Each structure stands twice: as C-alpha cells, then as structure tokens.
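Because the structure is predicted, anything quoted here is derived from the model rather than measured. Throughout, residue positions are numbered sequentially from 1 according to the sequence presented.
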Amino acid sequence: MEWTEDDYVAYLAGERRRYAWVMRTYGGLTASRAGAEAMAWYPYEPPGAPFRGLVFHDEAWHWAMRVLHGDDYTRTHPDLAGPPPAYEALG
C-alpha cells in the first residue's frame, strides 16, 4: 500500500492508541507500561523500509489479544474474538 507520510504517522498513532487501550483494559498494565508496549509493537518505520506497515495487516485488537492470551485466543477466549464497542469507539 502506498502511504503518504502523514497518513502513515496518523495510522501508526491510532494503532498504538488502540493497542495500549487493550493492554490497559484487558491486560491490567499501567498507562505508562501500555504506552511503552504499544511503541515497541508499533515502531516507526522510515519511508522505503522493507515491509513498512506490515503490522497493519491485522488490527491492534488482534495483536494485543495474541500477546495477552496466545495465538489460539479466539478458541480459548471466544468472548474476545472481536473487539467491543468501546474499542471500536476509539476510532
């Protein structure tokens, strides 16, 4: 996908925000720790980096649930297979 730099940075910030929210809400992390985890999971990749933004192929909900509950979270925690309205409201 072709991103403008502004689009990429905005999308990256949104995914970090959603990932941190999941880690606070479902993982019990402090806001500071959740923010650090989000930054680590979604590092800035400069233009031209191979596979820039590949992490965006799944949404933050999925990545955070995998970290919290493992790859099989949709089977072991079917209630968490999809995000709740509060997550969706984050935009």
Engineer: Taking Trp63 for the side chain and Asp58 for the main chain, is one N or O donor matched with an acceptor at less than 3.5 Å?
Structural biologist: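 Side chain of Trp63 to backbone of Asp58: a pair is present.
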Engineer: Who passes side chain to side chain donor-acceptor pair (under 3.5 Å) against Arg66, sequence neighbours left out?
Structural biologist: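 With sequence neighbours excluded, Arg66 shows a side chain to side chain donor-acceptor pair (under 3.5 Å) to Asp71, given in chain and number order.
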Engineer: Rounded to the nearest 0.5 Å, how far apart are CD of Glu45 and CG of Leu54?
Structural biologist: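 That separation rounds to 8.0 Å.
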Engineer: For residues Ala34 and Ala20, report the shortest heavy-atom separation together with the two atoms involved.
Structural biologist: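 Of all heavy-atom pairs spanning Ala34 and Ala20, the closest is CB-O, 3.5 Å.
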Engineer: Please give the remaining members of the hydrophobic cluster of Met39, linking ILVMFWY side chains under 4.5 Å, ordered by chain and number.
Structural biologist: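 Its cluster partners, ordered by chain and number, are none at all.
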Engineer: Any idea which heavy atoms bring Ala64 and Val22 closest together, and the distance?
Structural biologist: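 For Ala64 versus Val22, the nearest heavy atoms are CB-CG1, 3.4 Å.
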Engineer: What's the shortest heavy-atom distance between Arg16 and Pro43, and which atoms?
Structural biologist: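 Shortest heavy-atom separation between Arg16 and Pro43 comes out as NH2-C, 3.8 Å.
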Engineer: Under 4.5 Å between any side-chain heavy atoms of Leu80 and Trp61, yes or no?
Structural biologist: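 A side-chain contact under 4.5 Å exists here.
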Engineer: Using the salt bridge (Lys or Arg N to Asp or Glu O under 4.0 Å) rule, collect all pairs that involve residues 73-91, keeping only residues at least two apart or in two chains.
Structural biologist: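 Non-adjacent pairs meeting salt bridge (Lys or Arg N to Asp or Glu O under 4.0 Å): Asp72-Arg75.
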Engineer: Just jot down the side chain to side chain contact (heavy atoms under 4.5 Å, CB included) partners of Ala60, sequence neighbours excluded, or say none.
Structural biologist: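 Only Glu15, Arg18, Tyr19, Tyr42, Tyr87 meet the side chain to side chain contact (heavy atoms under 4.5 Å, CB included) criterion with Ala60.
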Engineer: What donor-acceptor contacts under 3.5 angstrom involve side-chain atoms of residues 25-32, with partners at least two apart or in another chain?
Structural biologist:
from	atom 1	to	atom 2	distance (Å)
Thr25	OG1	Trp21	O	2.8
Thr30	OG1	Arg33	N	3.0

Engineer: Going by the side chain to side chain donor-acceptor pair (under 3.5 Å) test, which pairs reach into residues 5-14, not counting sequence neighbours?
Structural biologist: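 Those involving residues 5-14 are Thr4-Asp7, Glu5-Tyr44, Glu5-Arg52.
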Engineer: Do Tyr73 and Leu68 come close enough that some side-chain heavy atom pair is under 4.5 Å?
Structural biologist: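 SC-SC contact between Tyr73 and Leu68 ruled out.
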Engineer: Measure the spacing between CZ of Arg24 and CD of Glu37 and express it to the nearest 0.5 Å.
Structural biologist: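 Nearest 0.5 Å value for the CZ-CD distance: 12.5 Å.
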